[in-house]
Amino acid sequence: MVARVIPVERFDLVIFGATGDLARRKILPGLYRRWKEGQIPEGAAIVGAARSEMTAEAFRASVATALDEFLSPRDIDADKLADFLAMVDYVAIDARGEGGWQALGEKMREGVVRAFYLSVAPALFGDIAQRLHERGIADRAARIVVEKPFGTDLASARALNAALADHFHEDQIYRIDHYLGKETVQNLMAVRFANILFEPLWNAQFVDHVQITVAETVGVGGRGEYYDHSGAMRDMVQNHMMQLLCLIAMEPPHSFEPDAMRDEKLKVIRALDPLRPGELVRGQYRGRDGDDYLVQSGNPDSRTESFIAMKLHVSNWRWKGTPFYLRTGKRLKSRASEIAITFKEPPHSIFGESNQWRENVLAIRLQPDEGMDLRVMIKEPGPGGMRLKDVALDMSFAEALGNDLDIPDAYERLIMDVIRGNQTLFMRGDEVEAAWAWVDPVIAAWEARDDRPEPYEPGSTGPEGALMLLHRDGRRWREIR
């Protein structure tokens with residue numbers, strides 16, 4: 001089964017930071033795959049921009065090397081690759097100076113969509129936006145894409161928003177969060193809003209609790225110095241996990257339009273209660289032979305968390321009284337991301353005490369095997385009387401829709417949405433600021449106490465305190481598989 005692709009308009013896409021890791025690993029391979037699938041039209045142009053002095057031919061060679069490194073051999077088609085590289089150009093540019101801007105302007109064409117992907121440090125966002133505007137390279141219809149981290153606190157996020165707003169309107173700014181581009185995340189919206197089955201049950205009357213888990217097996221590795229100034233709260237909770245929470249908890253929007261969706265997400269963030277004492281656990285993996293956060297971060301006195309678990313409350317009519325448990329961490333036992341909605345038990349069992357009820361759980365798997373399953377109670381087969389058993393109604397997207405289905409990577413989908421001018425899966429400025437406004441007091445509280453994170457073994461499920469967070473409520477975390 002081949003996914004239907006919708007071509008986009010001709011475009012000029014400028015990638016600032018085109019020689020960096022993100023461009024080589026995700027952006028350029030994603031663009032090639034969309035070209036190979038026929039989604040990018042003839043006449044599109046991709047311009048790499050970076051400080052390095054090199055010719056367009058040398059840049060094309062580096063792009064070919066990146067594609068060979070980060071794509072599977074079956075993705076590479078010699079003819080398609082040659083045609084793709086023919087649309088690639090390069091300009092050496094000084095983001096904070098004058099070098100290269102005239103050359104970039106001369107490469108821009110009239111009558112096509114202009115998009116600018118800022119795969120650079122946030123400190124450069126304002127400088128690049130200013131020069132694009134002042135040089136007339138970006139017109140009113142242009143789109144600008146900015147990567148996370150979008151600020152490190154509320155003040156810095158506001159400063160970044162202001163720097164972009166000086167030169168671009170909000171409808172031109174695309175703040176990317178690749179989690180929102182995942183197929184399963186979008187299927188979460190389809191499950192909720194395209195089916196009558198779950199919506200009547202999607203509230204505190206029927207939902208016991210919600211768990212959101214994003215577990216990684218890798219440590220901080222070569223990102224140790226950067227990560228030590230960020231931690232799990234800034235790196236994962238404020239953006240990725242907050243977005244997943246919003247999609248679970250939001251009210252149905254009046255339409256599948258960008259601002260309608262983002263209005264409802266913003267309401268969820270503003271309805272979050274302040275975190276209470278005892279509802280947060282921070283952890284830090286501590287191991288041997290270099291598999292230790294303090295070693296990898298280069299900071300033997302670090303108090304930065306590599307794991308965080310928390311219990312959140314959304315104070316509105318739909319969710320009052322239903323806890324949301326979030327956890328994320330590095331160097332855990334498996335790589336897994338899922339959202340699990342656990343429903344309440346029936347008010348009365350007619351099957352007697354010998355039949356133990358098991359929770360009905362709707363689990364949405366984001367990675368590695370995208371899909372979802374719903375655990376329900378059935379009669380156990382056989383003549384032994386009415387004995388109940390819980391089973392999973394399981395759906396893997398690859399199996400249900402065909403193993404040959406070509407599911408785009410999140411970056412592929414999001415870049416194409418930028419070209420289409422569709423902001424539905426991108427964060428709005430007030431949404432980012434609202435998330436930081438909730439997160440800042442939490443970080444300030446533990447910094448004021450000078451808390452040390454609780455140690456946990458690499459390859460485990462996290463610190464003991466995270467288990468107790470749910471145990472005190474008579475619940476337990478789902479197994480990280």
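This structure is a prediction, so every number in the text was calculated from the model and none was measured.
One side chain, Q296 or Y285, offers a donor N or O that lies under 3.5 Å from an acceptor on the other. Remark: the K320 side chain and the S315 side chain contain an N/O donor-acceptor pair separated by less than 3.5 Å. Side-chain contact check for N422 and T424: at least one donor-acceptor pair (N or O, by modelled atom type) lies under 3.5 Å. A side-chain N or O of N161 and one of R175 form a donor-acceptor pair less than 3.5 Å apart.
In this structure, S337 contributes its side chain and L366 its backbone to no donor-acceptor pair below 3.5 Å. A donor-acceptor distance shorter than 3.5 angstrom exists from the side chain of D292 to the backbone of G287, with no hydrogens or angles considered. Side-chain atoms of W477 come within 3.5 Å of backbone atoms of A466 as a donor-acceptor pair (strictly under, hydrogens ignored). No donor-acceptor pair closer than 3.5 Å links the side chain of S230 to the backbone N or O of Y226. At distances below 3.5 Å, at least one donor-acceptor pair connects side-chain atoms of E454 with backbone N or O atoms of E464. Judged by distance alone, the side chain of N195 and the main-chain N or O of A190 form a donor-acceptor pair under 3.5 Å. The main-chain N or O of N299 is never found under 3.5 Å from a side-chain atom of Y293 such that the two would form a donor-acceptor pair. The main-chain N or O of G97 is found under 3.5 Å from a side-chain atom of R131 such that the two form a donor-acceptor pair. Checking side-chain atoms of S302 against main-chain N and O of T304 turns up a donor-acceptor pair under 3.5 Å. Within the 3.5 Å criterion, the main-chain N or O of A232 finds a donor-acceptor partner in the side chain of E305.
At a threshold of 4.0 Å, the pair R34-E37 does not count as salt-bridged, since none of the basic side-chain nitrogens sits closer than that to a carboxylate oxygen. Residues D373 and R365 are paired through a salt bridge, judged by an N-O separation under 4.0 Å between the basic side chain and the carboxylate. Ion pairing between a basic and an acidic side chain is recognised when a charged N comes within 4.0 Å of a carboxylate O; E216 and R335 show no such pairing. Using a cut-off of 4.0 Å between Lys/Arg side-chain N and Asp/Glu carboxylate O, D430 and K265 are scored as not salt-bridged. Ion pairing between D21 and R24 fails under the 4.0 Å rule for side-chain N and carboxylate O. Comment: D291 does not engage R288 in a salt bridge, judged by the lack of any side-chain N to carboxylate O separation of less than 4.0 angstrom. Using a 4.0 Å cut-off between charged side-chain N and carboxylate O, E457 and R286 make no salt bridge. Residues R303 and D450 are paired through a salt bridge, judged by an N-O separation under 4.0 Å between the basic side chain and the carboxylate. Residues R158 and E433 are paired through a salt bridge, judged by an N-O separation under 4.0 Å between the basic side chain and the carboxylate. In this structure, R428 does not pair ionically with E431, as no charged nitrogen and carboxylate oxygen lie closer than 4.0 Å.
A cation-pi arrangement is absent between K148 and F150, since the terminal nitrogen or guanidinium carbon is not both under 6.0 Å from the aromatic centre and inside a 45° cone about the axis.
With Y174 as the partner, the ring pair (Phe, Tyr, Trp, His ring centres under 6.0 Å) test is satisfied by one option alone out of Y117, F168, F426: F426. Among the candidates D177, L118, L22, V120, the single residue satisfying the side chain to side chain contact (heavy atoms under 4.5 Å, CB included) test with E147 is L22.
Counting only heavy atoms from C-beta outward, the side chains of L272 and M242 approach each other to under 4.5 Å. When side chains are defined from C-beta on, V47 does not count as touching I15, because their heavy atoms never get closer than 4.5 Å. Residues T328 and I308 are in side-chain contact: their nearest non-hydrogen atoms beyond the backbone lie under 4.5 Å apart. In this structure, E338 and R478 have side chains that are in contact, with non-hydrogen atoms separated by less than 4.5 Å. The shortest side-chain heavy-atom distance between T342 and N360 does not fall under the 4.5 Å cut-off. Side chains of R282 and W446 form a contact here, defined as non-hydrogen atoms less than 4.5 Å apart. The side-chain heavy atoms of L247 and L180, taken from C-beta on, include a pair separated by under 4.5 Å.
Between the OG atom in S52 and the CD1 atom in I93 there is a gap of 12.5 Å [rounded to 0.5 Å]. Atoms CZ and OG1, from F206 and T322 in turn, are 11.5 Å apart once rounded to the nearest 0.5 Å. Here the CG-CG distance, from D68 to D75, works out to 11.5 Å after rounding to the nearest 0.5 Å. How far CG of L326 is from CE of M233: 9.5 Å, rounded to the nearest 0.5 Å.
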**Message:** Quick one, Y325 with D473, criterion side chain to side chain donor-acceptor pair (under 3.5 Å). Give me CA distance, side-chain angles, the key distance, then yes/no.
**Reply:** CA-CA 11 Å; Y325 299 99; D473 294 341; 2.5 Å; yes
**Message:** Between I248 and W202, is the side-chain contact (heavy atoms from CB on, under 4.5 Å) condition met? List the steps.
**Reply:** CA-CA 9 Å; I248 287 289; W202 212 267; 4.0 Å; yes
**Request:** Before giving the answer on side chain to side chain donor-acceptor pair (under 3.5 Å), spell out for Y179 and N239 the whole-Å C-alpha distance, their side-chain angles and the decisive distance to 0.1 Å.
**Result:** CA-CA 9 Å; Y179 262 61; N239 40 73; over 6 Å; no
**Asked** Should L425 and D417 be marked as a side-chain contact (heavy atoms from CB on, under 4.5 Å) after you check the CA-CA gap, both sets of side-chain angles, and the distance that decides it?
**Response** CA-CA 8 Å; L425 300 176; D417 277 355; 3.7 Å; yes
**Prompt:** salt bridge (Lys or Arg N to Asp or Glu O under 4.0 Å) between R96 and D127: does it pass, once the steps are laid out?
**Reply:** CA-CA 6 Å; R96 285 180 165 155; D127 295 297; 3.0 Å; yes
**Request:** Go through the steps for R452 and Q284 under the test side chain to side chain donor-acceptor pair (under 3.5 Å), then give the verdict.
**Result:** CA-CA 9 Å; R452 283 190 177 274; Q284 190 182 78; over 6 Å; no
**Request:** List the steps, then state whether side chain to side chain donor-acceptor pair (under 3.5 Å) holds for R331 with Y456.
**Result:** CA-CA 9 Å; R331 282 301 285 119; Y456 64 93; over 6 Å; no
**Request:** Begin from the C-alpha positions of R234 and D153 and carry the test salt bridge (Lys or Arg N to Asp or Glu O under 4.0 Å) through to its verdict.
**Result:** CA-CA 8 Å; R234 290 186 173 98; D153 53 22; 5.7 Å; no
**Request:** Determine, step by step, whether K182 and D409 satisfy the salt bridge (Lys or Arg N to Asp or Glu O under 4.0 Å) criterion, reporting the C-alpha distance in whole Å, the side-chain angles of both residues, the deciding distance to 0.1 Å, and the verdict.
**Result:** CA-CA 7 Å; K182 290 181 176 292; D409 177 79; over 6 Å; no
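In this structure, F198 and F343 have parallel ring planes: the angle between them is below the 30° cut-off, well short of the 60° mark. Ring pair F16/F116 is tilted by interplanar angle, where 30° to 60° counts as tilted.
Across every non-hydrogen atom of A437 and P441, the tightest pair is O-CD, 3.2 Å. When all heavy atoms of G151 and W436 are compared, the pair lying nearest together is O-CZ2, 3.1 Å.
Applying the salt bridge (Lys or Arg N to Asp or Glu O under 4.0 Å) test to residues at least two apart or on different chains, none of the pairs has a partner in residues 238-250.
Shown here is E170, whose CD atom has more than 12 heavy atoms of other residues, nucleotides or ligands within 6.0 Å. More than 12 heavy atoms of other residues, nucleotides or ligands shown are found within 6.0 angstrom of CG on D301. Atom CZ of R223 sits in a crowded spot, with more than 12 heavy atoms from other residues, nucleotides or ligands closer than 6.0 Å.
For the salt bridge (Lys or Arg N to Asp or Glu O under 4.0 Å) test, residues two or more places apart in sequence or in another chain that qualify with E251 are R318.
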